[in-house]
Structure formats: structure tokens, C-alpha cells
Amino acid sequence: MSAPLLEISDLAVSYRARAGRVAAVRGVSLAVAPGEIVALVGESGSGKSTLAHAVLRLLADNAAIDGGHVRFGDQDIAALSDRELRAVRGRGIGFVPQDPAVSLNPVLRVGDQVAEALRLHGLATRRSARLDAVEVLERVGLPDPAVRARQYPHELSGGMRQRVLIAVAIAARPKLIVADEPTSALDVTVQRRILDRLQDLTEELGSAVLLVTHDLGVAADRADRIAVMSRGRIVESGPARRTLAEPAHPYTRRLIRSAPSLATARAAGPAPVLDKPSGEPPLVAAEGLVKEYRLPRAAGAARTVRAVDGVDLEVRRGETLALVGESGSGKSTTARLVLRLVPATAGRIVFDGEDVTAARGARLRALRRRAQLVYQNPYASLDPRLSVGATITEPLRVFGVGDRASRTARARELLDRVALPADALRRRPAELSGGQRQRVAIARALALSPDLVVCDEPVSALDVSVQARVLDLLAELQADLGVAYLLISHDLAVVRQVAHRVAVLRAGRVVETGATADLFDRPAHPYTRELLAAIPGGGRRPHSEESP
Amino acid sequence: MRRYVIRRVAQAVGVLWAAYTVVFLVLDYLPGDPVAAMAGQGDQTAVDPAQLDRLRARYGFDKPVLVQYLDYLGRAVRGDFGDSVATGRPVTGMLAAAVPQTLQVTVAGMALAVLFGGGLAVLATYTRRRWLRSLLLSLPPLGVSVPVFWTGLLLVELFSFRLHVFPAFGDDGPRGLVLPAVALAILPGAMIAQVLAKSLLDTLDEPYAQTARAKGAGRARVHLRHALRNAALPALTVAGVLVGQLMANSVVIETVFSRNGVGRLTASAVTAQDIPVVQGVVVFAALVFVLVNLAVDLVYPLLDPRIAGAAAR
């Protein structure tokens with residue numbers, strides 16, 4: 001192996017907090033060779049993102065490097081002056097940030113943002129930078145790069161924005177690219193195309209990549225070497241294949257076990273639905289649901305877009321129906337139509353034998369009571385000023401169920417059901433972890449003993465090991481209470497674990513419905529096959545490293 | 001974009017009409033007889049009732065309220081607010097004479113407010129010296145809490161009577177403008193500084209600021225090219241609303257510095273129950289307010305390309 005391009009030795013980073021300094025990275029050593037892809041894997045809070053930022057010294061104001069070195073070539077990043085550091089950022093080390101939705105400046109044209117990376121390092125003049133930027137955008141696979149370059153970030157899709165960010169990172173042809181969860185905010189199929197492109201480009205440029213990810217599947221597909229981080233330390237590192245096949249550290253083993261995309265042993269599937277007479281009508285039946293939205297008058301023509309375009313679906317009692325599809329496929333809108341949170345343009349919704357399509361007043365309130373919702377993001381769906389107890393009892397108060405004492409008793413019982421300690425009642429959401437918050441949201445949804453709970457991406461904001469536990473909880477609650485779930489997810493691995501039946505949505509239409517096992521084993525529709533193939537962890541692409 | 005502009009202009013016209021109507025109704029309900037006040041200076045017994053009726057007829061007060069309203073509205077649209085009850089001169093002419101004085105001082109005040117308020121916010125958020133940042137950021141709350149007449153008197157005392165640098169009174173020349181403009185600028189400047197500093201700090205924490213740093217952009221570039229434009233929007237909104245504040249305070253400032261502007265005109269018209277003048281002043285104030293906020297609305301999409309699209313929806 002040649003001399004490493006990046007050599008981190010004994011690096012320690014801490015954050016200043018109210019209670020003193022909190023260590024985030026505790027003595028980490030890691031090397032990246034030229035042209036190599038190293039994946040840094042870990043859960044949130046493991047320090048992987050801090051480590052990635054320390055490589056470019058892009059740390060928050062309250063963070064400090066307490067010790068160690070970050071050698072890049074013959075420079076020590078930790079000891080550079082501001083001026084020297086600016087010359088390394090972008091030119092020596094490129095950075096691909098996590099969330100494409102907020103990582104581009106909303107008020108500047110994307111072409112100018114790419115051109116800036118060239119201009120800052122004197123690689124282009126004002127005039128040539130514009131053309132060069134278009135060329136870089138073309139290289140990252142942005143369609144119509146000359147047109148796109150003149151657009152603003154909000155006019156591009158998430159995938160296109162991430163391509164622009166990759167263009168920013170590679171524009172000055174850096175030797176190393178630090179990619180911090182570059183695709184975790186994107187759909188699987190988009191994720192695959194973007195990672196393919198990133199891999200091709202870095203091979204072409206001969207750049208090394210430090211790929212930070214929580215997704216072991218992504219790491220397995222892309223990396224030459226994997227370093228697993230936990231609580232500020234690298235607990236294990238080695239060649240990708242060996243690390244995954246023969247994990248040495250118990251933490252790595254746990255991570256691999258709970259990763260839905262890698263788990264094959266876990267594919268036990270959900271518990272069977274309790275046998276019901278087959279003639280029983282479904283709990284929810286939607287027929288020919290259509291939802292149209294009016295678009296702003298663009299280029300003079302008034303247009304509407306069909307978010308949901310004739311969807312039929314049925315949810316039976318005690319069953320989990322999963323709606324899968326990419327963002328924009330209409331899965332969330334369908335769920336909101338079923339809950340009557342948005343009015344349908346056309347179609348019929350029957351809830352427990354009653355047509356609720358146009359229900360109002362008392363009948364709508366009755367539906368609200370029997371159909372609840374668990375949102376995707378437990379950080380946003382809980383009122384930060386309400387205690388956990390007040391959050392869980394709110395639906396009871398709204399519907400005037402019981403008195404204060406019985407409501408508190410119910411909250412205790414629900415906390416117990418979702419496996420939270422009783423003393424959590426008085427805490428506020430900020431004092432809870434993401435998984436605990438989602439448990440509170442589930443408890444709130446169950447407070448009124450609903451027949452149906454719509455779970456909109458219930459675990460996608462959580463770490464994998466936490467995901468597994470929350471999914472187990474949902475399954476357990478279903479077995480005990482007989483509640484039906486309408487599960488919305490872009491993550492097919494999650495769906496496989498908990499759903500009885502799956503409906504695949506694409507562009508507002510159901511392209512395929514079936515029992516989960518059948519659909520996964522024998523996908524009939526080409527789009528379903530494409531979705532399945534895009535699940536990370538499915539296999540490696542040929543990579544230059546592997547040729548002799 | 002064209003829809004956006006049309007919409008904003010229509011809103012502006014609507015606000016003007018509403019302002020005029022509210023003033024008309026309020027004045028109509030107010031106790032007191034303006035005609036009597038004009039003819040007898042409040043001493044009704046001494047005035048010939050026939051003369052009062054003639055005056056009423058001349059100003060249209062004998063007609064039903066709705067007719068009066070439509071009549072006045074129709075003339076107001078053409079820029080005619082009738083004659084002053086107190087002086088008999090046309091209101092429009094009185095306004096035209098007073099407006100330049102007020103415009104000078106408020107425009108100068110606003111310019112100072114934007115310059116120093118904005119400068120303070122940029123400097124406070126840019127400096128790495130903790131003490132300087134704390135010092136600068138403690139100034140705006142002070143500026144907001146000091147009453148205008150007090151700063152006005154203090155400035156006169158210091159710069160006119162002690163140091164003899166600027167004149168204390170009078171409308172003439174740019175030198176006479178300095179003290180009133182400074183006194184007027186303190187409050188809006190402080191508020192702009194506060195809002196802009198807060199939103200600059202928020203913006204600098206945004207991921208796109210980090211993307212810019214990762215490209216190799218220096219602190220000044222991130223601050224001025226990437227953050228400032230994004231952070232300017234809330235400050236711009238506040239600045240638009242502050243114009244109303246500025247005009248209200250010009251009443252005080254013009255009294256303190258003895259300037260014959262719209263503020264003084266308002267004060268005397270209200271005291272004399274000079275309804276046509278009050279109406280003219282209110283509509284003028286509403287017009288300025290509406291125009292400034294229309295300008296703000298039209299600048300928004302230039303600063304933030306997302307706004308024209310969102311507003312057209």
C-alpha cells in the first residue's frame with residue numbers, strides 16, 4: 001500500500017456543553033489511501049459525522065480539536081492557518097453534505113454555486129467559470145446542464161440537488177472527497193444512481209472517498225474498507241467483505257443483525273393475521289381515489305397534477321398493509337385521503353361499512369377517533385412544550401374521555417405498553433431519544449384505542465438498531481390489540497419485516513398488490529423489480545480495486 | 001411574476017381605500033361639531049345659526065353620511081381633500097408644502113437606520129472578539145427603550161448648545177437635518193440591527209453556509225455573499241413596517257426641532273379638529289406606508305427567487 005493520502009492519528013474532538021466538555025471523538029486513528037473508498041459506519045451520536053467534519057475542520061463553533069493530527073499529504077489540517085485551510089478545502093478535499101434540500105444556497109443559481117468552487121481556487125475566470133460549471137454539471141449526470149445551471153435550487157428535485165452538490169465537491173478535482181451521508185435523504189433508486197455516479201467520477205479522477213453512512217448496506221456495496229464507529233471510537237476496521245462476513249466486535253455484530261437491508265435471518269415476517277371469517281368486510285376500503293393539486297401558473301398555462309390517480313385499496317382488521325413507492329409516488333397523499341385529512345377529488349372511502357368520503361361534524365369526529373396517525377419525524381411531531389403525559393392524554397382530553405385521574409392512569413398504561421418507564425410521564429420530548437419519542441407518538445396514537453393507525457415512515461428518522469425495536473413494538477401491539485396498520489415506507493426491508501400485504505405505488509397508481517412474501521419473491525411488475533434491486537446491500541458493482 | 005406584481009398592487013389600493021374609509025367613519029362618529037368649532041372657536045351660542053347652516057352646506061355636512069362619503073371619496077381619488085376648516089386653504093396645497101420637510105428627515109433617518117443598524121448587525125456577527133460582539137449586541141435593546149423626544153432633546157443640548165456643531169432648530173439646509181435624522185434613526189436602526197443580527201446568526205448555521213466553507217470560501221465571503229442576502233429578508237420586512245413608526249415619530253421630532261413638516265401639521269390639525277386636513281394626512285401616511293411596503297414586496301423576489309413562485313399559488 002502506498003503512503004496514505006489522509007492519516008488521522010489519535011484525534012480527539014469535544015463539544016462545549018452546559019455541563020462541561022463532552023467528548024465526541026475519543027482518540028481515533030484512520031488512514032485513507034489514494035483512490036480508496038473507506039466507509040465510516042455508525043449510528044447517530046457515534047461521532048462519525050464529527051470525525052468527517054474534523055477532516056475539513058468544518059466543526060461547529062462550540063467544538064474543539066483537543067488532540068491528535070489530521071495529516072493530508074504533507075500538511076496537518078489541525079494546525080493550518082485560516083488561509084492555508086481555505087486552499088485545502090474544495091481544492092484538496094471536497095465535501096458532499098448530508099441533506100440536499102438545505103445544503104445549497106437558495107438565492108443563488110446552481111451554476112454559480114458550482115462556478116464558485118472553481119473561482120475560489122483560481123481555476124477559472126469569471127467568464128470561463130460559467131461554462132466550466134455547466135461541464136461539471138454534465139459530468140455528474142444532470143440532464144440539460146446548461147438550462148439547469150441557470151435555475152435555483154428550489155426548482156430542482158432532491159436527486160438533482162445532490163448531483164449539484166457532488167458537482168460542487170468534484171469541481172476543483174480534489175484528491176479526497178468526504179461524503180457525509182450523501183444519499184440518506186433520497187429514494188433507493190435515486191440513491192443507487194447517485195452513488196454509482198459518485199463512484200465512477202472518483203475512479204475517473206483517482207480521488208479517494210471517505211463515505212460516512214449509517215447504512216451498512218451502502219457501505220457493503222461501495223467501500224473497499226469499513227471502519228465501524230461507536231461512542232467516539234473506531235471499534236473495528238478492515239476490508240469491507242471481511243468485516244461484514246466475520247465481524248469481530250460485538251457492536252458490529254449487533255449493527256449487522258439489526259440492519260434491515262442485510263438481515264436475511266430476520267425475515268421471519270409478521271405474525272399471521274388472526275383468522276377471521278373470510279366473508280368479513282374490510283376495515284377500510286378505498287375505491288378509485290383521485291387527488292388533484294393545482295400547480296402555480298407556470299409559463300402561462302394553468303395545470304393540475306394528479307398526486308393520486310385512481311387508487312383502490314383495502315385494509316383488513318388487524319392487518320398491516322404497506323404502501324411503498326418513491327417520494328412523489330402519492331403514498332403519503334393516499335394515507336391522508338384515507339384519514340380524511342385532505343379532501344378527495346374523486347373516489348370513495350368506506351370505513352367499517354360506512355361511507356365517510358363526505359362525512360362531516362360528528363361523523364368525521366367519530367372517524368378521527370377510530371383512525372390515528374403516527375408521523376415520520378418524532379422530533380417534529382411532538383409539541384416541545386408539552387410533557388409526555390400531556391402529549392399522550394391530549395386525544396383523551398380532546399374527546400372528553402374520562403377524568404383527570406383515569407386519563408393519567410391510561411397514560412401510565414400506554415407508557416408501559418410502549419416499554420417506556422412510568423417516570424417519563426413528566427419529561428419533555430427534548431429529554432428523550434429519537435426512539436423514545438417515536439414510542440411516545442405511538443402511545444398517543446393508541447390512546448383512544450383506534451381500529452386503524454396510519455404509520456407514515458414511522459422509523460425512517462431512527463437509527464437501525466432503534467428501528468428494529470420500534471418495528472418489533474408495532475408488531476407486538478398489533479398482536480395484542482388487533483389494530484390495523486396502513487404503513488407507508490420507502491424502505492422495502494422495513495416493509496418485509498412487518499407488512500402482511502404490500503401495494504406498490506408509482507406516479508399515483510398502484511402497479512402491484514400482493515402478499516408480502518409473494519411480492520418479494522416473485523415481483524410481477526418491472527417497477528417492483530427495479531425497487532427491489534435498488535435495495536443497498538444487494539451486491540457490489542465491479543470496482544477497479546478488485547482487478548489484480 | 002406578473003401575477004405577483006398585480007396582486008401586490010391591488011392589495012396596496014385596497015389598503016389605501018380601507019384607511020380612508022376607517023378615518024372617515026371614525027371622524028364621523030367623533031363627538032364635537034367641526035363647523036361650530038370653525039365658526040365660533042367652540043363658543044356655539046355666539047354664532048348665527050343661519051351662518052352655521054351655510055357653512056355646513058359648503059362643506060357638505062348637511063347631506064346623508066353615505067353621500068358625504070362617496071362625494072369625499074370621489075374627490076380624494078382625484079387628489080382633492082377639500083379645504084382646511086381652520087385656514088381655508090386647500091388641504092392638498094398644505095400637504096404639498098409640508099411633505100418635503102418630512103420626507104427629507106424620514107428618508108435621511110431611514111438611511112441612517114439601515115446603514116448603522118445593518119452595519120452593526122454585520123459587524124457584531126462577523127467579529128470573533130467575544131467582548132466586541134456582546135457590546136455591539138447590547139446596543140439595540142438600549143436604542144429601542146429610549147424615547148425619541150428624550151434623545152432629540154439630548155442631541156440638541158449636546159451638539160447645539162454645548163458644542164455648537166449643528167443648529168437646534170429650523171428647516172433649512174442639510175446641517176439642520178442632521179440632528180433630527182439621527183434622533184429619528186435610533187429606534188428603527190436598533191430594531192433592524194436586532195432582527196438582522198439574529199437572522200444572520202441563524203443563516204450562518206445553515207448547511208449551505210457550511211457548503212460554502214467547504215468549497216474554500218473565506219469568512220467574509222460566506223458572511224456577505226452567502227448569508228447576508230438570505231438574512232436580509234426578515235430585516236427588510238421589519239424596515240417596511242418601521243416606516244409607519246418613523247412617520248409617527250416625526251410628529252415628536254418636528255415639534256422638538258421646530259420643523260414645519262407633516263408631523264407638525266398633523267398635531268395642529270388634530271388640536272383644531274380640522275377634519276379635512278386630518279383626513280388628508282392619514283391618507284398621505286397610508287399612501288407612504290403602502291408604497292414602501294409595495295416596494296418591499298417587489299424587492300423580495302429579487303432577493304429570494306422562491307417567493308414569486310410561492311406567492312403565485
Side-chain angles (χ1 to χ4, degrees), chain A residues 52-53 55-61 82-83 85-109 112-123 151-155 164-165 168-169 171-172 174 177-178 180 293-298 300, chain B residues 1-7 124-130 133-134 137 199-236 299-313:
Chain A
H53 285 87
V55 170
L56 286 115
R57 242 170 71 193
L58 278 176
L59 294 164
D61 286 341
D82 275 9
R83 198 193 168 87
L85 188 62
R86 287 211 299 274
V88 172
R89 286 177 179 168
R91 182 77 172 103
I93 308 176
F95 181 73
V96 182
Q98 181 163 13
D99 189 348
V102 291
S103 296
L104 286 167
N105 191 330
V107 303
L108 299 177
R109 296 178 199 277
D112 293 346
Q113 299 192 49
V114 176
E116 189 182 21
L118 294 166
R119 298 252 296 130
L120 280 169
H121 299 286
L123 298 173
Q151 289 188 306
Y152 292 96
H154 73 278
E155 296 169 295
V164 173
L165 284 162
V168 168
I177 289 171
V178 177
D180 183 11
Y293 286 106
R294 275 183 47 200
L295 285 183
R297 199 175 294 204
Chain B
M1 185 62 203
R2 206 168 70 207
R3 263 166 70 99
Y4 177 81
V5 173
I6 291 170
R7 222 172 227 243
T125 51
Y126 184 76
T127 182
R128 280 198 253 209
R129 286 172 231 276
R130 213 170 271 266
R133 174 177 293 198
S134 319
L137 288 181
S199 78
L200 262 174
L201 287 177
D202 289 347
T203 311
L204 287 167
D205 276 342
E206 290 283 337
Y208 57 75
Q210 177 177 293
T211 307
R213 282 181 209 116
K215 281 182 211 175
R219 275 167 53 81
R221 190 179 176 88
V222 173
H223 219 87
L224 298 175
R225 180 172 154 86
H226 288 276
L228 187 58
R229 202 166 140 191
N230 281 287
L233 288 173
L236 187 66
V299 169
Y300 272 151
L302 302 181
L303 281 177
D304 188 340
R306 288 168 296 182
I307 285 179
R313 220 162 273 165

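Each chain gets a letter, A, B and so on, in the order the sequences are listed, and its residues count up from 1. Only heavy atoms go into these numbers, but all of them, side chains included; no hydrogens, no water, no symmetry mates. Everything numeric in this text was worked out from a predicted model, so none of it was measured.
Listed for the B/T211 side chain is a donor-acceptor partner under 3.5 Å among the backbone atoms of A/S103.
In this structure, CG on A/N105 lies 8.0 Å from CZ on B/R225, to the nearest 0.5 angstrom.
Only the backbone of A/I93 comes within contact range of chain B, judged by heavy atoms closer than 4.5 Å. Of the atoms belonging to A/V168, it is side-chain heavy atoms, and not backbone ones, that fall under 4.5 Å from chain B. Contact annotation for A/D112: both backbone and side-chain heavy atoms come within less than 4.5 Å of a heavy atom of chain B.
Salt bridge status for B/R128 with A/D61: absent, with no side-chain N to carboxylate O gap under 4.0 Å.
Residue B/A217 comes nearest to A/L120 through the heavy atom pair N-CD1, 3.6 Å, listed as atom of the first residue, atom of the second, then distance. Closest heavy-atom contact between B/D304 and A/V107: CA-CG1, 4.0 Å. B/A214 and A/L58 make their closest contact through CB-CD1, 3.7 Å (heavy atoms, listed as atom of the first residue, atom of the second, distance). When all heavy atoms are compared, the tightest approach of A/P106 to B/N230 is CG-OD1, 3.3 Å.
Side-chain atoms of B/H226 and A/Q113 form no donor-acceptor pair, as typed in the model, at a separation below 3.5 Å.
Contacts with chain B were tallied for A/R89, A/H53, A/R57; A/R89 has the most, counting heavy-atom pairs under 4.5 Å.
The only member of B/Q210, B/R213, B/K215 that meets side-chain contact (heavy atoms from CB on, under 4.5 Å) when paired with A/F95 is B/Q210.
In this structure the side chain of B/P305 reaches within 4.5 angstrom of the side chain of A/H154, judged on heavy atoms.
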